[in-house]
Amino acid sequence: MNTFPKAERLCSRRVIEKLYAEGHRCRVYPYSVQWIDAQSEVACQVMTVAPKRRFRHAVDRNRIKRLTRECYRTRKQPLIDALGSQGRSIAVALVYIGAEMPEYHKLGQRMDKVIATLIEANS
RNA sequence: AGCGCCGGCUAUCCUAUCGCCCGCCGCCAAGCCGGUGGGAGGAAAGUCCGGGCAGCGCGAGCCACCAUGCUUCCUAACGGGAAGGCACCGGCGCGGCAACAAACCGGUGACAGCAAGCGCCACAGAGAACAUACCGCCUUCGGGCAAGGGUGAAAACGCGGGGUAAGAGCCCACGACGCGUCCUGGUGACAGGCGCGAUGGCAAGCCUCAUGGGCUGAAAGACCAUGUAUACCGGCAUUUAAGGACUGGCUCGUCCGUUGCCGGGGGGUAGGUUGAUAGAGGCCGUCGGCGACGGCGGCCCUAGAUUGAUGAUAGGACACGACAGAACCCGGCUUACAGGCUGGCGCUAUUU
RNA sequence: GGUCGUUUGGCCGAGGGGCUAGGCACAGGUCUGCAAAACCUGCUACUCCGGUUCAAAUCCGGAAGCGACCU
């Protein structure tokens with residue numbers, strides 16, 4: 001099942017600060033992807049970010065994060081399997097850096113690229 | 001039916017699949033899980049006001065600072081609301097050639113006080129506030145005057161008469177304006193009258209008067225577990241007077257006091273729980289009130305996250321979907337907003 | 001979530017009721033064989049909407065933009 005429960009979301013303030021300070025970063029437009037090795041019970045913890053500077057209204061930021069979560073939820077399984085086979089776990093931040101409101105199907109294609117990049121970087 | 005003005009309500013819907021948050025039930029308990037129910041707004045926004053709630057040793061007086069500003073009422077409170085007064089604007093309109101009163105209808109108004117004091121009023125102009133004299137008027141040639149011209153946003157209250165050499169609230173009538181232990185009506189603002197009196201404007205200039213205000217703000221605060229100080233408390237020894245605290249300042253009053261040792265005590269940081277969702281709550285009926293609103297009775301429970309929940313896909317309907325997403329809560333204000341429904345008033349045209 | 005500040009030509013920046021300084025930049029001219037420098041001239045502004053006032057960049061109310069602080 002393509003679920004996205006609370007355990008797979010990145011919630012720890014301490015891990016987030018460490019991620020921003022020491023994490024790897026690469027750009028897969030329209031995202032800036034940051035990740036770091038972590039010790040958790042699930043293979044991958046993810047947080048979504050939409051910057052207030054670019055998107056003034058809370059409605060727009062909410063929509064970007066919802067679409068991002070939905071795309072990740074439906075495409076995450078290859079990444080989970082790859083990490084699981086190595087016994088590793090990572091923490092990831094998906095920061096939306098595009099200038100315009102995304103469209104679901106196009107965003108899905110980019111998310112495939114993000115997943116592929118993460119698998120390659122952690123194999 | 002059309003146009004204009006002023007309000008009120010509403011804010012796409014349905015089906016299937018995959019997901020998110022919370023409550024309850026089941027599995028011995030918990031979690032995964034299974035079942036079941038609930039899940040953003042009229043502005044959730046801006047943070048412009050008011051209050052609840054919480055913390056900060058206490059109190060009194062004066063000053064400073066801030067806010068409000070026609071009256072009465074509503075309210076927990078308000079800078080909000082209701083009704084009324086006054087002013088201005090618009091409409092209508094008897095009559096009238098027309099302009100346009102009164103009354104009526106609607107809208108708008110930071111609407112206390114420059115006859116308490118100070119300050120400011122560019123340019124132009126004689127003069128902008130203890131005034132002044134260019135043209136002008138009068139003259140006994142010493143001078144007197146401010147009506148008329150001209151300047152300006154504004155010119156020493158307006159207009160008519162008396163008066164005078166010419167003039168002037170110098171005097172009078174009418175009118176504008178301010179005041180009154182005054183009279184009448186009204187709870188009152190105010191209106192009408194009587195009497196007295198002054199005369200430019202500006203208080204969203206300083207200010208005066210009246211009323212109100214302690215400060216901070218859920219990132220407040222409380223608790224648990226981990227963990228252990230330099231906070232804090234008590235005792236003993238030492239010091240005796242400077243100093244400090246009381247939330248912007250001063251005064252009064254009150255309190256604390258320097259260092260060392262001993263004992264008690266349990267801070268920061270990271271995590272969790274709580275604060276935190278049933279309330280000045282909503283709806284209906286009824287009674288009181290012009291109304292805002294209040295009393296009584298009945299019914300209802302309606303998000304509660306904590307990196308922060310409502311989305312995606314497919315199909316269908318039509319008016320083709322605006323502004324926009326809770327973060328302690330409530331009452332207002334302001335701002336944004338496609339469409340739909342609806343109430344009142346005015347005018348125009350047609351029909352009956 | 002809460003608390004503040006700021007907005008004046010292309011850029012920096014003064015002015016706090018009476019025709020909006022100054023500097024840099026830009027354009028034209030003088031000078032020069034050409035340019036630089038210097039000198040002269042010009043151009044482009046008070047974030048927006050209302051209100052107070054005779055008069056508003058300035059005072060008052062509202063909106064918008066930009067920025068800062070508190071964990």
Side-chain angles (χ1 to χ4, degrees):
Chain A
M1 281 300 176
N2 293 323
T3 60
F4 190 39
K6 176 120 184 175
E8 288 187 23
R9 279 178 275 153
L10 181 55
C11 300
S12 166
R13 173 179 289 270
R14 192 163 47 185
V15 175
I16 291 167
E17 286 174 357
K18 192 178 178 188
L19 174 61
Y20 273 106
E22 305 172 14
H24 308 278
R25 180 181 303 186
C26 72
R27 291 194 171 198
V28 182
Y29 189 83
Y31 289 105
S32 172
V33 183
Q34 299 177 46
W35 74 92
I36 193 169
D37 290 325
Q39 295 81 41
S40 63
E41 299 183 355
V42 296
C44 183
Q45 286 187 317
V46 177
M47 66 184 283
T48 60
V49 178
K52 192 172 189 177
R53 192 178 185 83
R54 229 183 266 274
F55 297 95
R56 184 171 307 283
H57 298 298
V59 174
D60 298 333
R61 295 197 298 274
N62 277 351
R63 178 159 181 84
I64 288 168
K65 293 199 287 186
R66 281 165 181 165
L67 290 175
T68 302
R69 276 198 297 270
E70 182 68 12
C71 289
Y72 173 79
R73 181 178 73 82
T74 52
R75 289 169 173 78
K76 67 179 180 177
Q77 204 54 47
L79 178 61
I80 302 290
D81 294 341
L83 291 168
S85 65
Q86 302 176 58
R88 295 181 60 190
S89 65
I90 60 172
V92 178
L94 294 172
V95 183
Y96 187 83
I97 56 171
E100 293 162 2
M101 279 304 292
E103 196 272 323
Y104 178 75
H105 291 286
K106 292 178 183 172
L107 204 60
Q109 296 167 12
R110 303 310 301 171
M111 185 59 71
D112 290 332
K113 186 86 181 294
V114 170
I115 299 292
T117 304
L118 282 172
I119 291 173
E120 187 181 347
N122 288 281
S123 59

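In this text the structure is predicted, and so the values were computed from the model without any measurement. In the text below, chain A, chain B and the rest are named by the order of the sequence lines, each starting its count at 1.
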Checklist line | Assigned partner base of B:C94, Watson-Crick or wobble definition, under 3.5 Å | finding: none
Next item on the list: With a 3.5 angstrom cut-off on both distances, give the Watson-Crick or G-U wobble partner of C:C54, or none if there isn't one.
Entry: C:G18
Margin query: Return the CD1 to OG distance between A:Ile80 and A:Ser89, rounded to the nearest 0.5 Å.
Written below: 10.5 Å
Margin query: What is the distance, to the nearest angstrom, from the CG atom on A:Asp60 to the C1' atom on B:C323?
Written below: 12 Å
Checklist line | C1'-based separation of B:A45 from B:G332 [nearest Å] | finding: 15 Å
Notebook entry, point to check: On a whole-Å scale, what distance lies between the C1' atoms belonging to B:U164 and B:C137?
Noted result: 13 Å
Notebook entry, point to check: Between B:G19 and B:U310, how far is it from one P atom to the other, in whole Å?
Noted result: 15 Å
Checklist line | B:U184: pairing nucleotide in any strand, Watson-Crick or G-U under 3.5 angstrom | finding: B:A191
Check: Using a cut-off of less than 4.0 Å, is there contact between a side-chain N or O of A:His57 and OP1 or OP2 of B:A336?
Finding: no
Margin query: Please classify B:A40 as syn or anti, treating any glycosidic angle within 90° of 0 as syn.
Written below: syn
Next item on the list: For B:G38 versus B:U15, give the span between their P atoms, rounded off to a whole number of Å.
Entry: 14 Å
Next item on the list: Report the base-pairing partner of B:U348 (Watson-Crick or G-U wobble, both distances below 3.5 angstrom), or none.
Entry: B:A1
Next item on the list: For A:Thr48 and A:Tyr72, run side chain to side chain donor-acceptor pair (under 3.5 Å): C-alpha distance rounded to whole Å, both residues' side-chain angles, the deciding distance at 0.1 Å, then the answer.
Entry: CA-CA 10 Å; A:Thr48 60; A:Tyr72 173 79; over 6 Å; no
Note to self: Need the glycosidic conformation of B:G343: syn if within 90° of 0, anti if not. Which one?
What the structure shows: anti
Next item on the list: Taking heavy atoms of chain A and a 4.0 Å limit, find me the 5'-most and 3'-most nucleotide of RNA chain C within that range.
Entry: C:G65 to C:G67
Checklist line | Whole-Å gap separating C1' (B:C21) and CD (A:Glu70) | finding: 16 Å
Note to self: When both hydrogen-bonding distances must be under 3.5 Å and the geometry is Watson-Crick or G-U wobble, what is B:U310 paired with, if anything?
What the structure shows: none
Item checked: Rounded distance (Å) that lies between atom P of B:A324 and atom CZ of A:Arg61 -> 13 Å
Notebook entry, point to check: Closest heavy-atom contact between A:Arg9 and A:Phe4?
Noted result: CG-CZ, 3.4 Å
Note to self: Taking A:Ile97 as the starting point, is it possible to reach A:Val28 by hopping between hydrophobic residues whose side chains are less than 4.5 Å apart?
What the structure shows: no
Check: CD1/A:Ile115 to SG/A:Cys71 distance, rounded to the nearest 0.5 angstrom?
Finding: 10.0 Å
Notebook entry, point to check: Looking at the angle O4'-C1'-N9-C4 for a purine or O4'-C1'-N1-C2 for a pyrimidine, is B:U151 syn or anti, with syn meaning within 90° of 0?
Noted result: anti
Note to self: If I take atom CE in residue A:Met111 and atom C1' in nucleotide B:G19, what distance separates them, rounded to the nearest angstrom?
What the structure shows: 15 Å
Check: Closest to the A:His105 side chain: B:G311, B:G325, B:A314?
Finding: B:A314
Margin query: Would you compute the distance between atom CD of A:Gln34 and atom NE2 of A:His24 and round it to the nearest 0.5 angstrom?
Written below: 11.0 Å
Next item on the list: Scan every strand shown for a Watson-Crick or G-U wobble partner of B:G268, both distances under 3.5 Å, and answer none if you come up empty.
Entry: none
Checklist line | Separation of B:A312 P from A:Arg75 CZ (nearest whole Å) | finding: 14 Å
Item checked: Nucleotide of B:A312, B:C18, B:U313 approaching A:Arg73 most closely (side-chain heavy atoms) -> B:C18
Check: What's the CG-P distance between A:Leu107 and B:U313, to the nearest Å?
Finding: 11 Å
Next item on the list: Mind telling me if B:G42 is syn or anti? Syn here is a glycosidic angle within 90° of 0.
Entry: syn
Check: Starting at the 5' end of RNA chain B and moving along, which residue's nearest nucleotide shows up first, A:Thr74 or A:Leu67?
Finding: A:Thr74
Next item on the list: Quick one: sort the A:Tyr31 and A:Tyr96 rings into parallel, tilted or perpendicular, breaks at 30° and 60°.
Entry: perpendicular
Note to self: Under the rule for side chain to side chain donor-acceptor pair (under 3.5 Å), what residues qualify as partners of A:Asp37, not counting sequence neighbours?
What the structure shows: A:Arg88
Margin query: Whole angstroms only, please: what is the CD1-P distance between A:Ile64 and B:G325?
Written below: 13 Å
Dump the pairs, protein N or O against N or O of nucleotides 31-34 of chain B, anything under 3.5 Å, distances to one decimal.
none

Item checked: Nearest-angstrom distance, C1' atom, B:G308 to B:G268 -> 27 Å
Notebook entry, point to check: What is the base-pairing partner of C:C4, counting Watson-Crick and G-U wobble geometry with both distances under 3.5 Å?
Noted result: C:G67
Note to self: Using atom P in both nucleotides, what's the gap between B:C159 and C:G15 to the nearest angstrom?
What the structure shows: 48 Å
Using a cutoff of under 3.5 Å, can you pull out all pairs of nitrogen or oxygen atoms linking the protein to nucleotides 306-310 of chain B, with atom names and distances?
unit_1 : atom_1 : unit_2  : atom_2 : d
B:U306 : OP1    : A:Lys6  : NZ     : 2.2
B:U307 : O2'    : A:Leu10 : O      : 2.5
B:U310 : OP2    : A:Arg66 : NE     : 2.9
B:U310 : OP2    : A:Arg66 : NH2    : 3.1

Item checked: Minimum-distance pair of heavy atoms, taken over all atoms of A:Thr68 and A:Ile64 -> OG1-O, 2.7 Å
Check: Which pair of non-hydrogen atoms, one from A:Leu10 and one from A:Met47, has the smallest distance, and what is that distance?
Finding: CD2-SD, 3.7 Å
Next item on the list: Quote, to the nearest angstrom, the C1' distance that separates B:A154 from B:G160.
Entry: 26 Å
Checklist line | Residues which pass side chain to side chain contact (heavy atoms under 4.5 Å, CB included) with A:Asp81, listed by chain and number, not counting sequence neighbours | finding: A:Gln77
Check: For B:C320, which nucleotide in any strand shown is its Watson-Crick or wobble partner with both distances under 3.5 Å?
Finding: none
Next item on the list: Could you tell me whether B:G55 is syn or anti, where syn means a glycosidic angle within 90 degrees of zero?
Entry: anti
Check: Any chance CZ of A:Arg27 has more than 12 other-residue heavy atoms, nucleotides or ligands included, within less than 6.0 Å?
Finding: no
Item checked: Inter- and intrachain pairs under side-chain hydrogen bond (donor to acceptor under 3.5 Å, both in side chains), touching residues 101-118 of chain A, at least two apart -> A:Arg75-A:Asp112
Check: From A:Met111 CE over to A:Arg73 CZ, what is the distance, rounded to the nearest 0.5 angstrom?
Finding: 12.0 Å
Margin query: Can you tell me how far apart CH2 (A:Trp35) and CG (A:Asn122) are? Round to the nearest 0.5 Å.
Written below: 6.5 Å
Next item on the list: Write down the distance separating the P atoms in C:C4 and C:G9, rounded off to the nearest Å.
Entry: 28 Å
